[in-house]
Enquirer: 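Structure in structure tokens, see below.
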Amino acid sequence: SPQAVAKPLEPWILIDSRAETLTVFRHGAPPIVFGNLAFGAAGVKEKRRRGDDVTPRGVYSVGWIRTESKFVHFIGLNYPSVVDAERGLHDGVIGEAAYERIKRAHERGERPPQDTALGGQIGIHGVGKGSLEIHRIANWTSGCIAMENLDVRRLARMVRVGMRVEIR
């Protein structure tokens, strides 16, 4: 789909779940790579429903940034996407009304509803006061992407609402 193609001059983020890296690509500057990420306890794949502990694979954008969070910063993603909603409708996880709400929000450039059976509040955040030891060896989140506190502080300075985020 045309909106999935990054405009090469716009900064964007690639999250590579296999390499466990988050890379910020910026025109005319070397990429900035962060490592030591943690993902949802159930892994990175197509997220099916709220509570499945899955980090969604797909193309999203930054929907909001909360600087005061128990996880230091919370960089919210505009999950569920229209693709997620279409799959949810097809699988019977959500009905037509929820699908239309999600689709309308994306058409208007608004944050999609976070309260449907597909789940929400997916984002990039720090470890907060959590255990770095656990963070380094386990995928511990409910579906978010977690990174070390200093890294999420650095990342937050580079991120803007609307920035493309691809999770592979």
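The chain is numbered in sequence order, starting from 1.
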Enquirer: Do you know which two heavy atoms are closest between Phe71 and Val152, and how far apart they sit?
Expert: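 Taking Phe71 first and Val152 second, the nearest heavy atoms are O-CG1, 4.4 Å.
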Enquirer: Side chains of Val159 and His73, heavy atoms from C-beta outward: is any pair under 4.5 Å?
Expert: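 Counting from C-beta outward, Val159 and His73 never come under 4.5 Å.
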Enquirer: Quick check: closest heavy atoms across Pro80 and Pro113, and the distance to 0.1 Å?
Expert: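 Smallest interatomic distance, heavy atoms only, reads CD-O, 3.6 Å.
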Enquirer: Would you call Asp115 and Arg101 a salt bridge, using N to O less than 4.0 angstrom?
Expert: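 A salt bridge links Asp115 with Arg101.
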Enquirer: Would you mind checking if Glu20 and Arg136 are paired as a salt bridge, meaning a charged N to carboxylate O distance below 4.0 Å?
Expert: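 No, no charged N to carboxylate O under 4.0 Å.
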Enquirer: Kindly work out whether a path of hydrophobic side-chain contacts (I/L/V/M/F/W/Y, heavy atoms less than 4.5 Å apart) joins Ile122 to Ile65.
Expert: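 Yes; tracing contacts between hydrophobic side chains, which count when under 4.5 Å, links both residues.
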Enquirer: Does Ile94 belong to the same Ile/Leu/Val/Met/Phe/Trp/Tyr cluster as Val83, with side-chain heavy atoms less than 4.5 Å apart forming each link?
Expert: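 No, it is not one cluster - the side chains of Ile94 and Val83 are not joined through contacts under 4.5 Å.
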Enquirer: Please go through Ile137's hydrophobic cluster and name the other residues, only I, L, V, M, F, W, Y counting, with side-chain heavy atoms under 4.5 Å joining them.
Expert: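 None; Ile137 is a cluster of one.
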Enquirer: Students often mix this up, so state it plainly: with edges at 30° and 60°, are the rings of His135 and Trp140 parallel, tilted or perpendicular?
Expert: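 Ring orientation, 0 to 90° scale: perpendicular.
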Enquirer: Are Val72 and Leu22 linked, directly or through other ILVMFWY residues, by side chains that come within less than 4.5 angstrom of each other?
Expert: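 In one cluster: yes.
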Enquirer: Is Val44 close to Ile15 at the side-chain level, that is, under 4.5 Å between some pair of heavy atoms?
Expert: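 No, their side chains stay 4.5 Å or more apart.
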Enquirer: Using the rule that Ile, Leu, Val, Met, Phe, Trp and Tyr join whenever any side-chain heavy atoms are under 4.5 Å apart, tell me whether Tyr60 and Trp12 fall into a single cluster.
Expert: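 The answer is no; the residues belong to distinct hydrophobic clusters.
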Enquirer: Locate the shortest heavy-atom distance separating Glu166 from Arg168; write the atom from each residue and the value.
Expert: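 Closest approach of Glu166 to Arg168: OE2-NE, 2.7 Å.
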Enquirer: What I want to check is whether the side chains of Asn78 and Ser61 have a donor and an acceptor closer together than 3.5 Å.
Expert: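 Side-chain D/A pair, Asn78 to Ser61: present.
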Enquirer: Taking side chain as C-beta onward, heavy atoms only, is Arg48 less than 4.5 Å from Arg87?
Expert: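 Yes, their side chains come closer than 4.5 Å.
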Enquirer: Is Met163 close to Ile13 at the side-chain level, that is, under 4.5 Å between some pair of heavy atoms?
Expert: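 The answer is yes, as the side chains (C-beta and beyond) meet within the 4.5 Å cut-off.
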